[in-house]
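As structure tokens, the structure follows; a few thoughts come after it.
Each chain gets a letter, A, B and so on, in the order the sequences are listed, and its residues count up from 1.
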Amino acid sequence: MYSAIHDAIAAWYGAHGRRDLPWRTHRDPYRIWISEIMLQQTQVKTVLERFYFPFLEAFPALADLAAADLDDVLKRWEGLGYYTRARNLHRAAKLCVTSLPQEAAALEALPGIGRSTAHAIAAFAHDAPLPVLDANVKRVLSRFFAREERDERILWQDAYALLDTRRPYMYNQAMMDIGAMLCQSRNVTCNACPLQSGCQGQNDALRYGRAKAKKSVPSRHRALLVLWREGKLGLIRSEERFLHGLWGFMQSPLPLEGRALGSFVHRYTHFHLHATVYEPADAPDDERLVWFDRSEIATLSLSTADHKALALLDALSS
DNA sequence: CAGGCGTGGTC
DNA sequence: TGACCAAGCCT
């Protein structure tokens with residue numbers, strides 16, 4: 001059906017694909033899995049420069065990850081965000097112990113692995129003829145088939161329709177590169193695209209494949225409480241879904257009796273935190289508080305907002 | 001099933 | 001500079 005386009009994609013990937021990415025130079029399911037999870041909603045640059053290699057150095061094989069403490073896994077994930085990914089990675093490793101399943105259906109049954117990631121691992125490690133459907137591929141497909149609406153069911157149909165079942169590894173990697181390099185959300189280079197001969201959206205590319213508009217995010221104004229006891233700083237560990245397992249300052253609504261040390265804004269996906277670092281007049285006696293000195297805190301996993309507060313304290317004390 | 005879930009980057 | 005986006009999954 002699309003054999004000419006498939007050949008063009010293969011030729012393009014051979015000439016322009018990012019084949020030197022470290023998760024593309026081998027077929028090791030474990031390392032491919034780690035890369036796929038890290039890359040979910042995360043830019044290649046971030047994973048490549050800060051997280052992929054240190055994580056694999058700490059946990060070189062599946063058995064190492066399965067045997068690790070969750071706190072150590074979270075520490076290696078610190079700053080990468082979407083921390084549920086780290087917990088699911090750890091849970092999945094414990095479920096597998098020695099090796100990941102080969103079948104896409106079995107992969108998808110593991111925590112943190114959805115349909116697209118299952119297909120990616122199966123295709124990249126085992127040449128399974130299954131399509132990946134990430135943000136890049138969705139954009140390319142939406143334009144190729146001129147889909148104005150973002151309908152998941154249609155996108156999967158389109159993904160299977162265009163898949164090169166003879167070269168699933170090359171095809172899937174190439175489609176992601178084409179989305180990232182040629183068929184970008186705000187910029188397109190149709191003349192260089194191997195899909196151009198069949199692309200129905202090329203004359204009005206930016207009309208297609210746009211993500212749904214997101215609602216504006218609310219602001220929360222909070223005090224981050226600086227609590228001292230015998231020279232140690234009191235922190236609590238999040239037990240809720242948000243930032244679960246990470247340590248941070250106790251928070252309290254404003255206004256509040258006490259002394260403001262500084263403030264900053266931190267933008268989360270679903271709200272903006274307007275934080276005031278605060279020494280309260282009346283220190284709460286909360287049994288969740290654990291007391292750490294500065295060097296102990298460095299071994300904990302904190303969210304970026306709490307690191308901002310910590311940096312503010314460090315600046316004041318120096 | 002729409003919204004929760006982090007961070008860093010772009011324009 | 002606020003909106004948008006980046007190799008999605010889970011509830």
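The CZ-C1' distance, from Arg220(A) to dG6(B), rounds to 14 Å in whole Å. The separation between Tyr268(A) atom OH and dC5(C) atom P is 23 Å, rounded to whole Å. One can place CZ of Arg87(A) at 16 Å from C1' of dG8(C), the figure rounded to the nearest angstrom. Summarising the geometry, the separation between CG on Leu107(A) and P on dC9(C) is reported as 12 Å, rounded to the nearest angstrom. Taking atom NZ on Lys138(A) and atom C1' on dA7(C), their separation rounds to 11 Å, with Å as the unit.
Under the 30°/60° scheme for interplanar angles, the aromatic rings of His221(A) and His274(A) are found to lie parallel.
Side-chain rings of His119(A) and Trp156(A) approach one another, their centers coming within less than 6.0 Å. The six-membered or imidazole ring of His266(A) lies near that of Tyr268(A), with a centre-to-centre distance under 6.0 Å.
Contacts of Arg139(A) with the nucleic acid, taken as non-hydrogen atoms under 4.0 Å apart, involve only primed sugar atoms and P, OP1 or OP2. Here Phe242(A) lies in heavy-atom contact (under 4.0 Å) with sugar-phosphate atoms only. Looking at heavy-atom distances under 4.0 Å, Ile121(A) makes no contact with the nucleic acid at all.
Within residues 70-86 of chain A, no residue approaches DNA chain C, by heavy-atom distance under 4.0 Å. Heavy-atom distances under 4.0 Å link DNA chain B to Gln41(A), Thr42(A), Gln43(A), Arg50(A) of residues 25-53 of chain A, given in residue order. Taking every heavy atom of residues 150-182 of chain A and every atom of DNA chain B, no pair lies under 4.0 Å. Remark: nothing in residues 297-310 of chain A comes within less than 4.0 Å of DNA chain C through any heavy atom.
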Scan the side chains in residues 129-136 of chain A for donor-acceptor partners under 3.5 Å anywhere in the protein, sequence neighbours excluded, and list what turns up.
| from | atom 1 | to | atom 2 | distance (Å) |
| --- | --- | --- | --- | --- |
| Asp134(A) | OD1 | Asn136(A) | N | 3.2 |
| Asp134(A) | OD1 | Val137(A) | N | 2.9 |
| Asn136(A) | OD1 | Arg139(A) | NH2 | 2.9 |
| Asn136(A) | OD1 | Ala180(A) | N | 3.4 |

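Between dC5(C) and Arg210(A), a contact under 4.0 Å exists linking OP1 or OP2 to a side-chain N or O.
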> Where do Phe242(A) and Phe271(A) land on the ring pair (Phe, Tyr, Trp, His ring centres under 6.0 Å) test, with the steps shown first?
Replying inline: CA-CA 12 Å; Phe242(A) 184 54; Phe271(A) 70 95; 5.6 Å; yes
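Nucleotides dA7(C) and dG3(B), compared at atom P, are 23 Å apart to the nearest Å. With P as the reference atom, dT11(C) and dG6(B) are 14 Å apart, rounded to whole Å.
Closest to the side chain of Asn88(A), from the set dC10(C), dT7(B), dA6(C), is dC10(C). Counting only heavy atoms from C-beta on, Arg241(A) has its side chain closest to dG4(B) among dG4(B), dG8(C), dT7(B). Ranking dG2(C), dC5(C), dG6(B) by closeness to the Arg186(A) side chain, first place goes to dC5(C).
Side-chain polar atoms of Glu103(A) and His126(A) form no donor-acceptor pair below 3.5 angstrom. A donor-acceptor pair shorter than 3.5 Å cannot be found between the side chains of Arg85(A) and Asn88(A). Between the side chains of Thr25(A) and Arg31(A), not a single donor N or O lies within less than 3.5 Å of an accepting N or O.
His272(A) meets the ring pair (Phe, Tyr, Trp, His ring centres under 6.0 Å) test with no other residue; sequence neighbours excluded.
Counted within 6.0 Å of CZ on Arg210(A), heavy atoms from surrounding residues, nucleotides or ligands total 12 or fewer; the atom is thus considered open. Within a 6.0 Å radius of CG in Asp314(A), other residues, nucleotides and ligands contribute more than 12 heavy atoms.
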